[in-house]
Amino acid sequence: MRTKNQALIFELSKSERVGHSLPHLDVPEQALDTLVPAEFVRASEPELPEVSELQIMRHYTALSKRNHGVDSGFYPLGSCTMKYNPKINENVARFEGLAHIHPYQPVEQIQGALELLYELQTSLAEITGMDEVTLQPAAGAHGEWTGLMMIRAYHEANGDFQRTKVIVPDSAHGTNPASATVAGFDSVTVRTDEQGLVDLNHLKEVVGDDTAALMLTNPNTLGLFETYIEDMATIIHQAGGKLYYDGANSNAILGIARPGDMGFDVVHLNLHKTFTGPHGGGGPGSGPVGVKKDLIPFLPKPTIVKQDDLYTFDYNRPQSIGRVKPYYGNFGINVRAYTYIRTMGPKGLRHVSEYAVLNANYMMRRLEPYFDLPYSQHCKHEFVLSGRRQKKLGVRTLDMAKRLLDFGYHPPTIYFPLNVEECMMFEPTETESKETLDEFIEAMIQIAKEVEDNPEIVQEAPHHTVIGRLDETLAARKPVLRYID
Ligand SMILES: *Cc1c(COP(=O)(O)O)cnc(C)c1O
């Protein structure tokens with residue numbers, strides 16, 4: 001039930017009621033007439049709700065409680081790494097010397113910020129085993145595109161204009177073939193075998209002198225580590241292609257394995273996943289890209305360099321693919337990631353991956369008796385189950401996902417990856433306690449039992465949320481952007 005406080009904010013409006021106090025005007029009022037061209041001056045006041053500060057506060061607080069966030073509950077959304085965002089990161093991001101500077105300030109005045117970015121680049125290069133890193137890309141897919149544009153520039157600099165194809169396994173993240181297409185390549189699919197790993201024989205068939213690169217998501221979207229990575233690297237390098245590592249979800253390998261050591265030429269990371277940038281609601285993100293030596297000339301410019309004792313920007317990079325983002329990336333997210341890396345330290349980062357993998361395997365083994373497990377080897381940071389057993393009883397994966405909402409959980413990723421029928425993809429992350437995992441597992445077991453004994457309760461879920469089941473297509477195409485009683 002909606003309380004009075006959650007009433008329509010426009011209906012609470014009373015003429016002349018104010019919830020703000022602005023400073024006194026410190027420019028002459030007539031400046032308005034002379035500085036703003038007449039056609040841009042409003043003829044009438046905008047129709048805004050006139051409410052007190054307390055009313056607006058309650059309005060937004062009520063709205064925020066209708067949402068699910070990692071600070072309010074378990075969020076095992078596979079491939080998204082909804083881990084806890086430590087609050088010390090927020091404190092540091094609000095430091096005046098970091099939050100109140102301007103990108104056009106002279107470099108002498110922002111040495112601390114530049115040092116932070118430089119140190120972050122260096123740490124990420126160390127973590128991934130690459131030679132240099134750019135922090136410009138705004139998110140994972142943007143990093144993929146940036147990496148592919150560098151690979152393209154590299155091949156063209158060698159006169160290799162026939163390299164038009166990017167090979168992408170069918171177990172890759174969906175953004176990989178999309179980024180390849182946007183970067184002007186044709187994407188070629190390589191199959192996975194019955195173990196859920198890239199089929200090397202098929203890879204040998206599709207590779208050729210038109211191969212620009214292989215893009216590998218590792219661990220792949222089935223949560224499995226690609227065991228034959230070094231063989232893949234040999235196959236691609238012998239054909240003259242480059243190896244791209246999608247490291248958006250690096251939560252299973254920190255301090256344990258490095259893409260650079262496996263033979264990869266380019267890698268991107270998602271600081272908003274693995275490195276705790278808060279990313280509900282789509283952003284902002286940060287998708288740094290690391291490269292090996294022979295791709296360094298093509299990095300976006302400017303790069304941040306240290307000359308003698310001064311951090312500064314290097315624009316003199318004739319082979320650069322250019323700028324990919326205004327200024328130097330999403331600075332605030334980079335500050336949070338830097339803080340996280342420094343507070344965890346090398347041992348802490350390794351523990352992150354050990355616990356992320358342990359939690360995923362624990363959940364997978366406890367749920368195995370109740371749902372189909374299509375790939376039964378140990379998983380990395382996430383795993384997939386299939387709802388095909390439940391589908392035979394008339395209950396779809398979508399229904400079970402909706403039922404989880406009644407227990408106060410965010411559902412897993414569903415119907416992805418596409419090569420698993422009625423797929424559910426779980427990523428518990430390292431920050432959850434065993435108690436939370438156990439409670440969630442019990443909810444899943446209860447839902448499996450309901451499917452057998454009382455399927456309607458699952459088919460008609462959710463029952464306890466503010467809004468019931470929506471037509472999701474209609475909701476996206478024709479959203480109703482107001483309260484409904
Ligand atoms: C999330 C993700 C991406 C895309 O990252 P965005 O920041 O959403 O653009 C790419 N690859 C993998 C494996 C991912 O999990």
Side-chain angles (χ1 to χ4, degrees), residues 70 75-83 85 124 128 134-149 166 168-183 187 192 196-198 213-226 229 243-254 257 259 264 266-290 324-325 329-330 332-334 336-337 353 356 360 379-384 410 412-420 423 425-429:
V70 76
Y75 206 140
L77 188 68
S79 193
C80 292
T81 315
M82 303 306 289
K83 62 166 84 173
N85 315 125
L124 296 176
T128 54
T134 174
L135 299 173
Q136 276 193 31
H142 193 201
E144 292 168 27
W145 176 80
T146 303
L148 289 170
M149 292 303 280
V166 170
V168 186
D170 59 10
S171 59
H173 195 266
T175 48
N176 291 185
S179 302
T181 306
V182 176
S187 109
T192 41
L197 305 175
V198 170
L214 167 76
M215 286 182 96
L216 195 74
T217 301
N218 186 60
N220 66 29
T221 54
L222 299 164
L224 305 176
F225 195 92
E226 292 285 351
I229 271 186
L243 272 172
Y244 185 102
Y245 189 101
D246 179 337
N249 308 124
S250 286
N251 228 28
I253 65 162
L254 296 176
F264 285 85
V266 186
V267 54
H268 89 263
L269 298 168
N270 276 25
L271 301 190
H272 46 296
K273 291 179 181 167
T274 312
F275 295 91
T276 70
H279 57 292
S286 179
V289 178
V324 300
K325 167 104 177 55
N330 279 330
I333 292 296
N334 292 335
R336 288 168 175 85
S353 289
C379 64
K380 287 291 168 287
H381 61 292
E382 63 190 353
F383 63 97
V384 298
H410 196 289
T413 295
I414 57 172
Y415 299 108
F416 183 82
L418 304 172
N419 46 356
V420 172
C423 189
M425 185 189 196
F426 299 85
E427 183 180 6
T429 82

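Every number for a ligand or one of its atoms is a count from 1 in the order of the listing. Quick caveat, the model's predicted, so the values are computed rather than measured.
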Who's the nearest protein heavy-atom neighbour of [atom], and how far?
atom                    : result
atom 5 (O) of ligand 1  : Asn270 ND2, 3.0 Å
atom 11 (N) of ligand 1 : Asp246 OD2, 2.6 Å
atom 6 (P) of ligand 1  : Gly140 N, 3.5 Å

- Message: Please confirm whether Gly287 approaches ligand 1 to less than 4.0 Å, judged on its heavy atoms.
- Response: no
- Query: Would a 4.5 Å heavy-atom cut-off, applied to side chains only, mark His268 and Tyr244 as touching?
  - Reply: yes
- Task: With rounding to the nearest 0.5 Å, note down the distance linking CE in Met215 to CG in Leu148.
- Result: 4.5 Å
- Which distance, rounded to the nearest 0.5 Å, do you find between the CG of Asn220 and the CG of Asp246? 11.0 Å
- Is the Tyr75 ring parallel, tilted or perpendicular to the His410 ring (thresholds 30°, 60°)? parallel
- Kindly identify the option in Lys273, His279, His142 whose heavy atom sits closest to atom 2 (C) of ligand 1. Lys273
- Query: So which of Asn270, Val267, Asn218, Leu269 actually passes side chain to side chain contact (heavy atoms under 4.5 Å, CB included) with Ser250?
  - Reply: Leu269
- ligand 1 to Asn176 polar contact by distance, N or O atoms, under 3.5 Å: no
- Geometric N/O contact Ala248 with ligand 1, under 3.5 angstrom: no
- Query: Any non-hydrogen protein atom below 4.0 Å of atom 8 (O) of ligand 1?
  - Reply: no
